[in-house]
Amino acid sequence: MDRERALAVVRKQLTEQRYEHTVRVTDTAVALAVKYGVNREKAELAGIFHDYAKNRPLHEMNQIITEEDIPSDLANYPQQLWHAHVGAFLVQREAGISDEDVLAAIAYHTTGRAGMSSLEKVVFLADYIEPGRNFPGVEHVRHLAESELNTAVVQALANTISFLLKAKVKIHPDTLAAYNDLL
């Protein structure tokens, strides 16, 4: 699927603000893929579809988590995480994307996981540092991303874990596993 067609498919699923974020994540993912020798086309496709389910109703996402082959414990963690795995499921069904690397990059772009592929790291990091993001620590991670992919991902994970600890929000085990795996 070419970029314009994929963006047209995604645009129908997202608010204008979320669509603009998606374009920035895609462009950032492509730049990181080129820098780190990751498949550019897969990074672009995963970037375009990473938030495919973001604007779906929570009850629909919960139903998909319950009924489909998605880790059922996902429903026990913050709802902001659900769209990643649900999105990977829906892009298979609705957009016909079957590339397992792309689907994994979509599924783990919010949590990370142990043993992340370079493509997964690129999409995870692109979502964290895209130019529209503005929160404490993001500039440092952007700087790290210029020279060391793993170091940048570890810092993004550390920042996320620290934020969630301060907010007293459950931390998904995949996030902790990703952090521990990359140290």
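The basis for the numbers below is simple: all heavy atoms, side chains too, and nothing from hydrogens, waters or symmetry mates.
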Over all atoms of both residues, closest heavy-atom pair of Gly115 and Asp181: N-OD2, 2.9 Å
Donor-acceptor side-chain pairing of Lys121 and Asn150 below 3.5 angstrom: yes
Between Asn55 and His83, a side-chain donor and acceptor under 3.5 Å: no
Trp82 (side chain) donor-acceptor with Leu74 (main chain) under 3.5 angstrom: yes
Interatomic distance, Ser72 atom OG to Ile65 atom CD1 [nearest 0.5 angstrom]: 9.5 Å
Donor-acceptor contact present, side-chain Thr175 to main-chain Thr111, <3.5 Å: yes
Nearest atoms (heavy-atom pairs only) where Ala75 meets Asn62: CB-OD1, 3.8 Å
Shortest non-hydrogen separation from Ala95 to Val9 and the atoms involved: CB-CG1, 4.5 Å
Option from Val91, Leu103, Ile97 for which side-chain contact (heavy atoms from CB on, under 4.5 Å) with Leu45 holds: Ile97
Shortest non-hydrogen contact from Gly112 toward Asp174: O-CB, 3.2 Å
Check: Thr22 main-chain N/O paired with Thr26 side-chain donor or acceptor under 3.5 Å: yes
Exceeds 12 heavy-atom contacts within 6.0 angstrom, atom CZ of Arg18: yes
Qualifying salt bridge (charged side-chain N to carboxylate O under 4.0 Å, His left out) pairs with a residue from residues 132-159, counting only residues at least two apart or across chains: Asp127-Arg133, Glu139-Arg142
Inter- and intrachain pairs under salt bridge (charged side-chain N to carboxylate O under 4.0 Å, His left out), touching residues 72-94, at least two apart: Arg56-Glu94
Backbone of Val102 reached by a side-chain donor or acceptor of Asp99 within 3.5 Å: yes
His109 side chain vs Ile106 backbone, donor-acceptor pair below 3.5 Å: yes
Interatomic distance, Met1 atom CE to Ile48 atom CD1 [nearest 0.5 angstrom]: 9.0 Å
Pairs where residues 13-47 contributes a residue and the test ring pair (Phe, Tyr, Trp, His ring centres under 6.0 Å) is met, not counting sequence neighbours: His21-His50
Separation of Leu81 CG from Thr110 OG1 (nearest 0.5 Å): 4.5 Å
Shortest non-hydrogen contact between Glu120 and Ala104, atoms and distance: OE2-CB, 3.7 Å
Point-to-point distance, once rounded to the nearest 0.5 Å, from OG1 of Thr66 to NE2 of His59: 13.0 Å
Ring geometry between Phe124 and Tyr128 (parallel below 30°, tilted from 30 to 60°, perpendicular above 60°): parallel
Tyr179, OH atom: more than 12 neighbouring heavy atoms under 6.0 Å: no
Heavy-atom neighbours of Gln17 CD exceed 12 at 6.0 Å: no
For the student: nearest non-hydrogen atoms of Ala53 and Leu90, plus distance: CB-CD1, 4.1 Å
